[in-house]
Engineer: 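Take this structure first; my questions come after.
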Amino acid sequence: MEESFAVSVPHAAPARGQRAESAAGGAWPLVAETIRTPGLALLPLRLAHAAQMARVLGDPALHEFIGGAPASAAELRVRYARMLAGPDDPAVSWCNWVVEIREPAGARALAGTVQATVTVPVPGRTRAAGPAPGAVAELAWVVGGPFQGRGIAKEAARGLARWLADRGVGTLVAHIRADHAASAAVARAVGLVRTDVVHEGEELWEGRAPGT
């Protein structure tokens with residue numbers, strides 16, 4: 001299977017209208033934008049995605065790796081609303097996408113999700129250009145059972161890594177179960193390497209964003 005999950009600590013929603021220059025030199029907090037790769041489109045998460053994602057992520061076997069249990073569409077709408085509200089910590093941005101694939105006949109389908117929890121050491125600090133040395137993005141990805149084994153997670157993670165690098169994020173990390181070889185392969189595809197840090201059965205992988 002080709003999935004992994006990184007836990008983000010929930011926070012209350014930030015005050016609206018408060019955007020500043022990020023440590024990477026762009027608007028902060030970071031906001032998810034559409035990311036296109038040769039075979040995929042990473043679409044910013046919306047409440048309307050809940051119904052289809054409930055079906056994509058509905059296999060109980062999938063949750064043996066990502067934890068919890070399959071959620072209904074209504075439960076996902078509540079969860080997605082919380083994620084879209086964002087954190088109240090001004091040093092953190094939550095960026096979430098659904099992964100859209102194009103089937104051979106031209107039809108499109110949602111196959112999974114990717115996320116980046118981005119933290120900067122000094123919120124509001126302005127940099128004219130270039131990567132922010134202290135900006136870190138924790139990556140997570142999950143691909144529904146019917147879509148696994150097709151390289152979707154690798155392609156989506158690479159596209160996300162490039163997007164983050166373009167916005168000045170220098171360090172990428174992920175937490176992966178020690179027994180999950182497929183997710184380890186995805187991490188390697190993004191340029192991450194396993195560290196000696198283990199927390200609750202998950203190993204910390206770390207690396208530099210592409211070109212930084």
Side-chain angles (χ1 to χ4, degrees), residues 1-9 30 32 35-43 45 53 56-71 79 83 92-101 109-119 131 134-167 169-212:
M1 284 192 285
E2 213 176 58
E3 74 277 352
S4 179
F5 182 69
V7 177
S8 297
V9 179
L30 288 182
I35 302 170
R36 299 193 182 278
T37 70
L40 307 172
L42 309 187
L43 307 177
L45 180 70
M53 291 309 303
V56 172
L57 305 178
D59 183 358
L62 182 65
H63 294 267
E64 294 178 8
F65 290 91
I66 67 176
R79 185 181 305 170
M83 293 162 69
V92 179
S93 284
W94 292 344
C95 300
N96 296 275
W97 294 261
V98 294
V99 179
E100 182 186 75
I101 64 171
L110 300 185
T113 63
V114 293
Q115 74 177 89
T117 300
V118 185
T119 304
V136 178
E138 182 167 359
L139 309 184
W141 51 87
V142 58
V143 173
F147 303 98
Q148 292 176 11
R150 297 165 54 175
I152 292 171
K154 289 180 181 178
E155 183 172 344
R158 287 191 188 108
L160 173 56
R162 287 192 295 270
W163 184 86
L164 290 165
D166 287 346
R167 280 144 191 82
V169 177
T171 301
L172 307 179
V173 301
H175 288 87
I176 299 173
R177 277 181 45 163
D179 61 351
H180 203 329
S183 276
V186 176
R188 291 190 189 96
V190 183
L192 307 186
V193 296
R194 182 189 285 112
T195 73
D196 295 329
V197 179
V198 180
H199 179 66
E200 296 183 351
E202 292 186 328
E203 298 174 328
L204 173 66
W205 290 65
E206 184 172 359
R208 298 294 299 174
T212 66

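Starting from 1, each residue takes its place in the sequence as its number.
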Engineer: Could you tell me if the side chain of T117 sits less than 4.5 Å from the side chain of V92, heavy atoms only?
Structural biologist: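 When only atoms from C-beta onward are counted, T117 and V92 do touch, with a gap below 4.5 Å.
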Engineer: Identify the heavy atoms of P70 and G58 that sit nearest to each other, and give their distance.
Structural biologist: CG-O, 3.4 Å
Engineer: Could you walk me through whether I101 and R150 pass side-chain contact (heavy atoms from CB on, under 4.5 Å), step by step?
Structural biologist: CA-CA 11 Å; I101 64 171; R150 297 165 54 175; 3.6 Å; yes
Engineer: Using the ring centroid of each side chain, check whether W97 and W141 are separated by less than 6.0 Å.
Structural biologist: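 Ring-ring flag for W97/W141: false, centres at least 6.0 Å apart.
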Engineer: Give, for atom CG of L45 and atom OG1 of T113, the distance between the pair rounded to the nearest 0.5 Å.
Structural biologist: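 Between atom CG of L45 and atom OG1 of T113 there are 8.0 Å.
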Engineer: Hey, does M53 have a side-chain heavy atom less than 4.5 Å from the side chain of V98?
Structural biologist: yes
Engineer: Dump the intermediate steps for side-chain contact (heavy atoms from CB on, under 4.5 Å) on R188 and R194, then the final yes or no.
Structural biologist: CA-CA 9 Å; R188 291 190 189 96; R194 182 189 285 112; 3.9 Å; yes
Engineer: Test side-chain contact (heavy atoms from CB on, under 4.5 Å) on L139 and V173; report intermediate values, then the result.
Structural biologist: CA-CA 6 Å; L139 309 184; V173 301; over 6 Å; no
Engineer: Excluding sequence neighbours, so at least two apart, what forms side chain to side chain contact (heavy atoms under 4.5 Å, CB included) with V198?
Structural biologist: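 In terms of side chain to side chain contact (heavy atoms under 4.5 Å, CB included), with neighbours along the sequence ignored, V198 is linked to E203.
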Engineer: Passes side-chain contact (heavy atoms from CB on, under 4.5 Å), L42 versus V114? Steps please.
Structural biologist: CA-CA 8 Å; L42 309 187; V114 293; 4.0 Å; yes
Engineer: Measuring from C95:SG to L164:CG, what's the distance to the nearest 0.5 Å?
Structural biologist: 7.0 Å
Engineer: Considering residues at least two apart in sequence or located in another chain, which fulfil the side-chain hydrogen bond (donor to acceptor under 3.5 Å, both in side chains) criterion with T37?
Structural biologist: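 side-chain hydrogen bond (donor to acceptor under 3.5 Å, both in side chains) list for T37, sorted by chain: E155.
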Engineer: Looking only at heavy atoms, which two atoms of K154 and A189 are closest? And how far apart?
Structural biologist: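 Shortest heavy-atom separation between K154 and A189 comes out as CG-CB, 4.0 Å.
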Engineer: CZ of R158 to CG of L40: how many Å apart, nearest 0.5 Å?
Structural biologist: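 Output value for this atom pair is 11.0 Å.
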Engineer: So which heavy atom on A161 is nearest to which on A209, and how close?
Structural biologist: O-CB, 4.4 Å
Engineer: I want to check something: taking the side chain as every heavy atom from C-beta on, are V143 and V99 in contact at a cut-off of under 4.5 Å?
Structural biologist: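 SC-SC contact between V143 and V99 ruled out.
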Engineer: Check A32 against N96 and note the closest heavy-atom contact, atom names and distance.
Structural biologist: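 Heavy-atom minimum between the residues: CB-O, 3.8 Å.
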Engineer: Just by modelled atom types, is the L30 backbone N or O under 3.5 Å from a matching donor or acceptor in the S93 side chain?
Structural biologist: yes
Engineer: For the pair E100 (side chain) and L43 (backbone), establish whether a donor and an acceptor sit closer than 3.5 Å, ignoring hydrogens and angles.
Structural biologist: no
Engineer: I'd like to check the ring pair (Phe, Tyr, Trp, His ring centres under 6.0 Å) partners of W205; sequence neighbours left out, ordered by chain and number.
Structural biologist: none
Engineer: Indicate yes or no: at least one non-hydrogen side-chain atom of L172 is less than 4.5 angstrom from one of L192.
Structural biologist: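 With C-beta onward as the side chain, the pair touches.
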Engineer: Can you tell me how far the CD atom of E138 sits from the CD atom of Q115, to the nearest 0.5 Å?
Structural biologist: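 One gets 7.5 Å once the value is rounded to the nearest 0.5 Å.
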Engineer: Who pairs with E206 by side-chain hydrogen bond (donor to acceptor under 3.5 Å, both in side chains), at least two apart in sequence or on another chain?
Structural biologist: none
Engineer: Can you see which heavy atom on H175 is nearest to which on E202, and at what distance?
Structural biologist: CB-OE1, 3.6 Å
